[in-house]
2 protein chains.
Amino acid sequence: MTATDSSGRKPTLAVVGATGAVGTVMLDILSTRRDVYGEIRLVASARSAGRKLSVRGEQTEVLALAPEVFDGVDIAMFDVPDAVSASWAPVAAARGAVVVDNSGAFRMESDVPLVVPEVNADAVRDRPRGIIANPNCTTLSMIVAIGALHDQYGLNELVVASYQAASGAGQEGIDALYDQLERVGGDRELGHRPGDVRSAVGELGPFPAPLALNVVPWAGSLQDGGWSSEELKVRNESRKILGLPDLRVAATCVRVPVVTTHSLAVHAVFDAPVDQREAQAILAGSPGVVLVDDPEGYEFPTPADVVGTDPTWVGRVRRSLDDPNALDLFLCGDNLRKGAALNTAQIAELVAAELTG
Amino acid sequence: MTATDSSGRKPTLAVVGATGAVGTVMLDILSTRRDVYGEIRLVASARSAGRKLSVRGEQTEVLALAPEVFDGVDIAMFDVPDAVSASWAPVAAARGAVVVDNSGAFRMESDVPLVVPEVNADAVRDRPRGIIANPNCTTLSMIVAIGALHDQYGLNELVVASYQAASGAGQEGIDALYDQLERVGGDRELGHRPGDVRSAVGELGPFPAPLALNVVPWAGSLQDGGWSSEELKVRNESRKILGLPDLRVAATCVRVPVVTTHSLAVHAVFDAPVDQREAQAILAGSPGVVLVDDPEGYEFPTPADVVGTDPTWVGRVRRSLDDPNALDLFLCGDNLRKGAALNTAQIAELVAAELTG
């Protein structure tokens with residue numbers, strides 16, 4: 001895609017949060033898409049201003065977040081905490097930028113579209129506030145594949161269990177996992193007595209329990225009924241993206257000691273009977289999805305093999321034994337790429353094409 | 001419980017597979033139950049014969065598996081691979097021992113009861129072949145809690161995703177995980193590029209993909225329709241233990257880098273509407289179950305805190321938002337204790353009480 005307007009000018013892009021875990025991946029992705037943008041401005045907190053980061057092979061100075069950095073900006077990507085987006089996305093929009101926001105601040109607002117280009121690309125055009133939201137990484141790790149199956153069979157219900165990576169909690173999460181693994185690696189006595197892992201791992205970092213040699217059934221903040229915010233995001237965002245406001249969704253979100261790439265076990269119930277081979281063929285033929293499904297040859301997606309790649313990987317596709325309308329699947333997606341930076345970049349490219357088309 | 005027959009003789013016990021991962025835990029458990037048995041014979045393969053192991057504080061010589069070791073034995077526990085049980089359990093039974101078998105060899109045989117004492121203790125008495133089967137560790141990690149809820153609400157469907165520990169694959173699995181963690185611990189670059197973890201971990205051991213810094217959606221052998229044997233065990237054994245031959249079950253079994261203690265995310269659909277507080281009270285009041293469910297205080301079960309303990313731990317109890325008849329739960333159980341050795345010991349004690357009662 002070449003994005004130039006009638007005068008030949010390519011859109012100016014601002015990347016807000018350029019120094020974070022998602023921002024770092026974003027700069028890599030932008031560097032592989034050299035024809036889309038004219039100027040790229042890197043923006044971060046005042047603390048990081050003045051640092052130089054490489055994008056498209058050029059050292060680019062990081063600017064401090066301020067209203068003026070959005071002057072002349074056509075598209076502004078925000079990869080920052082919810083509160084920062086809530087304050088600053090409207091500032092960027094008021095100065096004329098189309099905002100693509102990766103926080104949770106606007107996702108469920110009725111006048112903000114929530115977009116996954118493979119599923120609901122058309123929604124980008126209906127953005128009365130000049131803001132487009134990027135879904136949560138856990139939702140994004142499955143929704144392209146689930147959307148393809150919904151097109152064929154009509155989705156009725158999702159039961160989701162997640163295996164979420166440390167980097168979903170940002171660089172702090174990655175650091176905590178590495179720190180903990182450094183402390184436990186080589187100790188061949190750990191993991192047999194209650195509390196011995198807890199004593200050994202040192203600081204918990206952003207997690208409420210040890211992550212090394214453990215799994216932690218919690219992500220996000222506490223909501224009504226004992227649900228976590230992460231679990232409600234999977235439900236509410238899936239409903240909005242798929243345009244199914246009454247979709248039944250039950251999610252249990254669990255953190256696992258993996259650096260990057262979220263995995264999900266999904267039980268998906270449809271309106272019509274499903275067929276294993278047909279479902280595999282649908283997934284194999286869907287843009288943004290890779291099917292790896294030969295258990296006899298031990299071929300299925302795992303985070304270690306998927307990390308750093310763009311698609312949603314799907315395997316273990318089975319027709320439920322006791323429900324002809326249900327499929328059971330295992331999916332993996334890099335939570336920093338398709339789960340965050342890549343989907344944001346894809347949305348921004350839809351806008352760039354529109355602005356220059 | 002004091003198990004003595006009318007002559008005051010306590011039953012003689014044989015522990016077959018005394019040197020394995022489950023056998024080792026069994027000797028610990030037996031050492032806390034000094035009044036139940038008279039003689040305890042330790043039995044293993046010829047390779048391990050002559051070793052001395054401590055049980056009830058006494059060094060006891062391991063005998064080689066042979067028909068004569070069962071002479072005079074009242075109860076024989078088998079913690080050995082399926083093929084060994086298939087060959088030798090009938091030998092022990094023919095010599096008059098009641099066999100409590102922890103392998104998969106007999107579990108689904110119609111004339112062999114499959115017993116979880118908290119759920120279906122009465123089934124031990126109906127053993128025409130003299131063999132009682134102990135369920136698979138994954139089923140056992142949830143079934144006591146699920147059985148208690150079934151008693152109240154009537155179970156209709158289970159959707160299960162597992163987070164299974166390395167020791168489910170025996171000592172070989174534990175060794176492989178420790179070896180892999182020793183290689184990756186301290187490397188703060190791993191987990192960002194496809195295949196870098198696979199290159200770093202060295203030998204895979206009994207797992208079909210790296211387990212350190214990864215999760216592996218496979219356990220057991222390939223069955224029809226792409227299901228794993230482990231997933232079918234969860235379905236078929238749950239049906240048999242609960243006496244619900246038509247129960248709808250869909251399981252996805254995934255290995256995680258935890259040494260010991262299986263976790264499960266369970267979506268359980270009942271015949272009647274459920275209530276979160278009532279369900280929590282049922283679980284808190286059920287023998288063999290501990291409720292840890294205060295997410296605000298970050299109180300929920302994790303393998304690191306549960307390992308080495310006897311009960312099934314349950315937390316994250318939620319009523320499904322879109323189905324008034326469904327509960328979502330997170331459960332943890334030590335797969336070597338309640339998941340194997342402890343349940344076997346409990347069954348054997350039921351038999352001991354019967355023999356001497």
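Letters A, B, ... mirror the listed sequences (proteins, then strands); counts begin at 1. Worth knowing before you read on, the calculation uses all heavy atoms, side chains too, and leaves out hydrogens, waters and symmetry mates.
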### Query
Do B/Pro303 and A/Val215 have side-chain heavy atoms sitting under 4.5 Å apart?
yes

### Message
For a 4.5 angstrom cut-off between non-hydrogen side-chain atoms, does A/Pro208 reach B/Phe300?
### Response
yes

### Residue part contacting chain B, namely of A/Glu296, when any heavy atom lies under 4.5 Å
both

### Summary
When the 4.5 angstrom heavy-atom criterion is applied to B/Leu222 and chain A, the contacting part is side chain

#### Entry: Contact class of B/Arg248 relative to chain A, heavy atoms under 4.5 angstrom
both

### Contacting moiety of A/Leu247, where chain B heavy atoms sit under 4.5 Å
backbone

### Message
Taking A/Pro217's backbone N and O only, do any of them form a donor-acceptor pair with B/Arg316's side chain (distance below 3.5 Å, no angle check)?
### Response
yes

### Query
Looking at A/Val197, A/Thr309, A/Leu321, A/Val216, which has the largest count of heavy-atom pairs under 4.5 Å with chain B?
A/Leu321

### Query
If we only count heavy atoms from C-beta on, is the B/Asp187 to A/Glu182 side-chain gap below 4.5 Å?
no

### Query
Checking A/Glu231 against chain B: side chain, backbone, both or neither under 4.5 Å from a heavy atom?
side chain

### Message
Is it the case that atom CD in A/Glu203 sees more than 12 heavy atoms from other parts of the structure closer than 6.0 Å?
### Response
no

### Query
Any ion pair linking A/Arg193 and B/Asp305 (charged N to carboxylate O, less than 4.0 Å)?
no

### Query
With a 4.5 angstrom heavy-atom cut-off, which part of A/Ala251 approaches chain B: side chain, backbone, both or neither?
backbone

### Task
Can you sort out the partners of B/Val292 under side-chain contact (heavy atoms from CB on, under 4.5 Å), two or more places apart, ordered by chain and number?
B/Val290, B/Glu299, B/Pro301, B/Trp313

## Note on the structure
Answer key: most heavy-atom pairs under 4.5 Å with chain B among A/Val306, A/Val254, A/Val256 is A/Val254

### Query
Would a distance-only check, ignoring hydrogens and angles, find a side-chain to backbone donor-acceptor pair under 3.5 Å from A/Tyr178 to B/Arg188?
yes

### Message
Once rounded to the nearest 0.5 Å, what's the spacing between atom NE2 of B/His192 and atom CG of A/Asp28?
### Response
11.5 Å

### Summary
Looking only at A/Asp334, A/Asp294, A/Asp293, A/Asp328, the option with the highest number of non-hydrogen pairs under 4.5 Å against chain B is A/Asp328

### Query
When heavy-atom pairs shorter than 4.5 Å are enumerated against chain B, which of A/Ala250, A/Ser320, A/Pro257, A/Gly195 gives the highest number?
A/Pro257

#### Entry: Which atoms of B/Glu157 approach chain A - backbone, side chain, both or neither, heavy atom under 4.5 Å
side chain

### Query
Measuring heavy-atom distances to chain B, does A/Arg235 have an atom under 4.5 Å in its side chain, in its backbone, in both, or in neither?
side chain

### Query
B/Val25 versus chain A, heavy atoms under 4.5 Å apart: side chain, backbone, both or neither?
neither

### Task
Sort A/Ser162 into side chain, backbone, both or neither according to what part of it lies under 4.5 angstrom from a heavy atom of chain B.
backbone

### Query
Would you call A/Arg318 and B/Gln223 a side-chain contact if the rule is heavy atoms closer than 4.5 Å?
no

### Message
Do A/Asp322 and B/Arg239 have side chains that approach each other closer than 4.5 Å (heavy atoms only, starting at C-beta)?
### Response
yes

### Message
For the interface with chain B, which of A/Val266, A/Val184, A/Asp246, A/Asp179 has the highest count of heavy-atom pairs at distances below 4.5 Å?
### Response
A/Asp179

### Query
Where is the tightest heavy-atom contact between B/Ala209 and A/Thr302, given as atom of each residue plus distance?
CB-CG2, 4.0 Å

### Query
Roughly how far, to the nearest 0.5 Å, is CG of B/Leu190 from OG1 of A/Thr260?
11.5 Å

### Query
Any side-chain heavy atom of B/Leu213 within less than 4.5 Å of one from A/Val259?
yes

### Summary
Of A/Cys332, A/Gly185, A/Ser263, the largest count of non-hydrogen pairs under 4.5 angstrom with chain B goes to A/Gly185

### Query
Can you name the nearest heavy-atom pair linking B/Pro194 to A/Gly308, along with the distance?
CD-CA, 4.1 Å

### Query
Between B/Thr252 and A/Tyr163, which heavy-atom pair has the shortest distance, and what is it?
O-OH, 4.4 Å

